[in-house]
Amino acid sequence: GAAKGMLPDGTLWAHDWFSDYPEMIAAAADGLLVSNHSYGAGIQGSPLWYLGYYDNDARGLDNIQYNAPYYLAIVSAGNDRQSGVNSGDGGFDYLTDMATSKNNMTVAATFEVLNYTGPGSVGMSGFSSWGPTDDGRVKPDISGKGVNMYSSVGGSNSAYANYSGTSMSSPNVAGSLMLLQQHFNETTGDYMKASTLKGLAIHTADETGTAPGPDYRFGWGLLNVQRGAEVISGMNDSSYLIEETLESGETIVFSVTGNGSDPLVASATWTDPPGTPLPANATSLDDPTPMLVNDLDL
């Protein structure tokens, strides 16, 4: 019981990180909905222009997910905030590699929250790497418990230990999101597109940080799977999950009715085509050129 996973009846395929993109392509083509990636490029010894930079790994991950619209990759943000690198930015601008992609979900690590009463209930870990990306996109996307997480380890089939890191918060989120896919499937007979699943997660997250809305530390907030499940259960009554396709320049209009007392909240998420990395050199430090191809307004 002390080691019950986030997806206790799920089946996990475990790989090392070698040949990860070909394996991801094959798994997504075979119907995989969610994968976890508790690894990435470290920042020690990396040039400063690389921090926050949308590189070919980020583009490759976006390309995989663009061509497999039901597949969502969950990526750890990294644990480098106390590394001393780029110290002039106060802990910001530490994301690298796959963590800077657009279509994935990058995960920060927080302390456990047993009783959420407001943003002050959520404590940020001392190590979790913060965004933004060089072009200003909100990264990380979401936060989850990653401090003192009790988990299986590789010593034996019955070995467990406590670890802290975004490598722990990322699989925490990945397993939890699969529960939402399962609930959606049991409710509708279908699965959500990856952009819908990502949108549902950030739409229903608990507010975090010192100011309303998303930020470059926690993302859109602390994952709240119960609220996400309630949105699915309330579809076409208290909530709507709408999947559409937009052509360039097109506008789609939906009419909804509020209940007169609760806030009416809406989110729009989409899978973006892969961007084009800027030339990788020391002169492109924090270049704000947008990596978004499509830019939707709500």
Side-chain angles (χ1 to χ4, degrees), residues 1-42 44 57 61 64-65 68 70-80 96-99 104-114 123 125-129 140-186 191-192 194 197-198 201 222-226 228-229:
K4 187 175 182 179
M6 312 310 284
L7 189 68
D9 289 329
T11 299
L12 174 71
W13 284 269
H15 299 262
D16 57 32
W17 54 68
F18 300 105
S19 302
D20 54 350
Y21 281 17
E23 291 167 349
M24 293 158 69
I25 292 169
D30 199 34
L32 184 68
L33 297 172
V34 170
S35 63
N36 173 69
H37 305 269
S38 288
Y39 60 95
Q44 296 287 356
D57 284 340
L61 185 58
I64 292 171
Q65 294 173 110
Y70 287 87
Y71 169 61
L72 181 62
I74 315 298
V75 176
S76 58
N79 311 314
D80 293 313
T96 63
D97 195 50
M98 294 188 297
N104 74 332
M105 177 162 273
T106 301
V107 183
T110 69
F111 286 86
E112 184 175 45
V113 180
L114 295 176
S125 66
F127 52 79
S128 188
S129 293
D141 300 286
I142 202 82
S143 297
K145 179 191 173 184
V147 177
N148 200 31
M149 184 74 88
Y150 192 59
S151 178
S152 56
V153 292
S156 73
N157 287 339
S158 58
Y160 294 87
N162 290 89
Y163 278 87
S164 296
T166 56
S167 288
M168 309 305 286
S169 59
S170 181
N172 169 6
V173 167
S176 301
L177 293 184
M178 270 305 304
L179 288 177
L180 293 179
Q181 281 284 31
Q182 179 187 7
H183 183 45
F184 187 85
N185 180 260
E186 291 174 345
Y191 290 107
M192 290 176 278
L197 177 60
K198 181 179 178 180
L222 181 69
L223 183 68
N224 187 324
V225 183
Q226 178 176 331

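In what follows, residues are counted from 1 in the order of the sequence shown.
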Does Trp17 have any ring pair (Phe, Tyr, Trp, His ring centres under 6.0 Å) partners at least two apart in sequence or in another chain, and if so, which?
Tyr39
Using side-chain heavy atoms (C-beta onward) and a distance below 4.5 Å, is Leu222 in contact with Ile142?
no
Tyr21 side-chain N/O to Asp57 backbone N/O, donor-acceptor pair under 3.5 Å:
yes
Quick one, Val107 and Val75 - any side-chain contact, counting heavy atoms below 4.5 Å?
no
Walk me through whether Lys145 and Met168 qualify under side chain to side chain contact (heavy atoms under 4.5 Å, CB included).
CA-CA 8 Å; Lys145 179 191 173 184; Met168 309 305 286; over 6 Å; no
Scanning both residues in full, the closest heavy-atom pair of Tyr71 with Ser35 reads OH-OG, 2.5 Å
For a quick test of reading the model, state the closest non-hydrogen atom pair linking Gly146 to Ala109 and the distance between them.
CA-CB, 3.9 Å
Salt bridge (charged side-chain N to carboxylate O under 4.0 Å, His left out) involving Asp141 - partner list, sequence neighbours excluded:
Lys139, Lys198
Does some side-chain heavy atom of Met149 sit less than 4.5 Å from a side-chain heavy atom of Asn172?
yes
Quick one: does Leu33's side chain get under 4.5 Å of Leu72's, heavy atoms only?
no
Ser38 side chain to Ser167 backbone, donor-acceptor under 3.5 Å:
yes
Do Asn104 and Ile74 touch side chain to side chain, with heavy atoms closer than 4.5 Å?
no
For Tyr160, enumerate each residue passing the ring pair (Phe, Tyr, Trp, His ring centres under 6.0 Å) test, keeping only those at least two apart in sequence or located in another chain.
Tyr150
Can you see which heavy atom on Ser164 is nearest to which on Asn148, and at what distance?
OG-N, 2.7 Å
When you look at CD of Gln226, are more than 12 heavy atoms from neighbouring residues, nucleotides or ligands closer to it than 6.0 Å?
no
Is Ser170 reaching over with its side chain to a backbone N or O of Asn36, donor-acceptor style, under 3.5 angstrom?
no
Main chain of Ala108, side chain of Ser128: is a donor-acceptor contact present, judged purely on distance under 3.5 Å?
no
Got more than 12 heavy atoms from elsewhere within 6.0 Å of CG, Asp9?
no
Quick check: does any side chain N or O of Thr96 sit under 3.5 Å from a backbone N or O of Ala41, one acting as donor and the other as acceptor?
yes
Indicate yes or no for a side-chain donor-acceptor contact from Gln65 to the backbone of Ala73 under 3.5 Å, with no hydrogens or angles considered.
yes
For Glu23, salt bridge (charged side-chain N to carboxylate O under 4.0 Å, His left out) partners two or more places apart:
none
I want to check something: taking the side chain as every heavy atom from C-beta on, are Thr166 and Ser129 in contact at a cut-off of under 4.5 Å?
no
Non-hydrogen atoms of Ser76 and Ala99 that approach each other most closely
O-CB, 4.2 Å
Heavy atoms only: give me the nearest Thr106-Pro140 pair and the separation to one decimal.
O-CB, 3.4 Å
Any non-hydrogen side-chain atom of Tyr163 less than 4.5 Å from a side-chain atom of Val153?
yes
Pairwise distance CE(Met178) to CG(Leu12) - rounded to 0.5 angstrom
11.0 Å
The side chain to side chain contact (heavy atoms under 4.5 Å, CB included) partners of Leu180 (sequence neighbours excluded) come to Leu177, Met192, Leu197, Leu200, Val225, Ala229, Ile232
Residues that Ala14 engages under side chain to side chain contact (heavy atoms under 4.5 Å, CB included), provided they are two or more places apart:
none
